[in-house]
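Quick note: numbers below take in every heavy atom, side chains included, and nothing from hydrogens, waters or symmetry partners.
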Amino acid sequence: MSRDDFWRISSMFHLADNRSSQAKSDKLHKTSNFQNIMQDKWKKYYRFSPNLNLDEAMIPFTGRLSFLQYIRGKPIPWGIKAYILASSSTGYIYRMHIYSGKNKDIINTQQLVEYMVEDLSGSSYMLYIDNYYTSPKLLQSLREKSIRCTGTLRKNRLLNKPLCAKISTMSKGEIKFYTNEPEKNLTLAIWKDKREVLF
């Protein structure tokens, strides 16, 4: 294909009807239908891998956009933020949710995680998440849906406040395990390196 043909096709290539009612309410209306088709295909052709990871990813973009994001420490710090549920071993995407600003249906990280894994209820998947998402309340909720989960935990999200005092007395290299009573369906591991790592 010649360059001129490519640009001619590119200038007319369009995925949505700008006159639709969705165009007025959905910031992602130009790509949302296409994204839904892609997600159906991803699920259909996903080869079973028991370990899934949920994290943010950045789609490179430098133009003008009301929901452009900056995430420090990412290989691509500026762009469009997307929450990705993917295979831990292959990186194959199972589900994606693009962040386009505050959403009245997803108002906190627990609702976001539950939305991303809603198709996995009753399955044998193992989900891995970082401390941005992890909370005891979320882990309990996933457990009730038979979704197993491991995640690092922020100390300020511990439900057992007296435990925080015990953590500060740990020595380097020490590891401790705790479980919730009486259910015993959650396990907290604390490993002391330069600072405490909770998961």
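Between G91 and A86 the shortest heavy-atom distance is O-CB, 3.8 Å. A pairwise comparison of heavy atoms in K74 and D55 identifies NZ-OD2, 3.9 Å as the closest pair. Residue P60 comes nearest to I76 through the heavy atom pair CG-CD1, 3.6 Å, listed as atom of the first residue, atom of the second, then distance.
Judged by distance alone, with hydrogens and angles left aside, the side-chain atoms of Q69 form no donor-acceptor pair with the main-chain N or O of W78 at under 3.5 Å. In this structure a side-chain-to-backbone donor-acceptor pair under 3.5 Å is missing from S10 to F6. With hydrogens and angles ignored, the 3.5 Å screen pairs a side-chain donor or acceptor of Y92 with a backbone N or O of W42. A donor-acceptor pair under 3.5 Å is absent between the side-chain atoms of R157 and the main chain of P136, judged by distance alone. Of the possible donor and acceptor atoms, one in the side chain of T134 sits under 3.5 Å from a partner among the backbone N and O of T152. Of the possible donor and acceptor atoms, one in the side chain of N36 sits under 3.5 Å from a partner among the backbone N and O of S32.
Put simply, CG on N180 and OG1 on T187 are 7.5 Å apart, with the number rounded to the nearest 0.5 Å. Atoms CG and SG, on L139 and C149 in that order, are 5.0 Å from each other to the nearest 0.5 Å. The distance from atom CG of L127 to atom CG of L120, rounded to the nearest 0.5 Å, is 8.0 Å. The structure places OG1 of T179 at 7.0 Å from CG of N185, a figure rounded to the nearest 0.5 Å. For the atom pair L52 CG and L85 CG, the distance stands at 5.0 Å (nearest 0.5 Å). Note: S141 OG to Q111 CD = 10.0 Å, rounded to the nearest 0.5 Å.
Side-chain atoms of S171 and E174 form a donor-acceptor pair, as typed in the model, at a separation below 3.5 Å. Donor-acceptor pairing under 3.5 Å is recorded for the side chains of K81 and Y83. Neither side chain, Q110 nor S135, offers a donor N or O lying under 3.5 Å from an acceptor on the other.
Between Y132 and R154, some side-chain heavy-atom pair lies under the 4.5 Å cut-off. Looking at heavy atoms from C-beta onward, M126 lies in side-chain contact with T150 at the 4.5 angstrom threshold. Using a 4.5 Å heavy-atom cutoff, the side chains of L68 and F61 are in contact. By the 4.5 Å heavy-atom criterion applied to side chains, I129 and L138 are counted as neighbours. Looking only at side-chain heavy atoms (C-beta outward), M116 and L112 come within less than 4.5 Å of each other. The side-chain heavy atoms of R95 and D119, taken from C-beta on, include a pair separated by under 4.5 Å. Side-chain contact between I84 and L54 is absent, with no heavy-atom pair separated by less than 4.5 Å. Residues I98 and L28 form a side-chain contact, since some pair of their non-hydrogen atoms from C-beta on lies under 4.5 Å apart.
Grouping the Ile, Leu, Val, Met, Phe, Trp and Tyr side chains by contacts below 4.5 angstrom, directly or via other members, places M96 with Y45. Residues M58 and Y70 do not share a hydrophobic cluster, clusters being chains of Ile/Leu/Val/Met/Phe/Trp/Tyr side chains in contact below 4.5 Å. Under the 4.5 Å side-chain heavy-atom criterion for ILVMFWY residues, no single connected hydrophobic cluster contains both Y178 and L186. Y133 is not connected to V197 by any chain of hydrophobic side-chain contacts under 4.5 Å among Ile, Leu, Val, Met, Phe, Trp and Tyr, and they are in different clusters. Linking ILVMFWY side-chain heavy atoms closer than 4.5 Å, directly or via other members, places L188 and I175 in two distinct hydrophobic clusters.
Relative orientation of the H97 and Y115 rings is perpendicular, given thresholds of 30° and 60° on the angle between their planes. Ring geometry for Y94 against Y125 counts as tilted: the plane angle lies between 30° and 60°, on a 0 to 90° scale.
Ion pairing between K145 and E118 fails under the 4.0 Å rule for side-chain N and carboxylate O. A salt bridge is defined here as a Lys NZ or Arg NE, NH1 or NH2 lying under 4.0 Å from an Asp or Glu carboxylate O, and K172 with E196 fails to meet this definition.
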Exercise. With side-chain contact (heavy atoms from CB on, under 4.5 Å) as the test, would you mind laying out the steps for I190 and M170 before giving the verdict?
Key: CA-CA 9 Å; I190 306 164; M170 290 174 66; 3.6 Å; yes

Quiz item: Between Y128 and N51, does a side-chain contact (heavy atoms from CB on, under 4.5 Å) hold up when you go through it step by step?
Solution: CA-CA 7 Å; Y128 295 91; N51 300 312; 3.6 Å; yes

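Heavy-atom contacts from other residues, nucleotides or ligands closer than 6.0 Å to CZ of F34 number 12 or fewer. Heavy atoms of other residues, nucleotides or ligands lying less than 6.0 angstrom from NZ of K137 number 12 at most.
Partners of T90 under the side-chain hydrogen bond (donor to acceptor under 3.5 Å, both in side chains) rule, at least two apart in sequence or in another chain, are S87.
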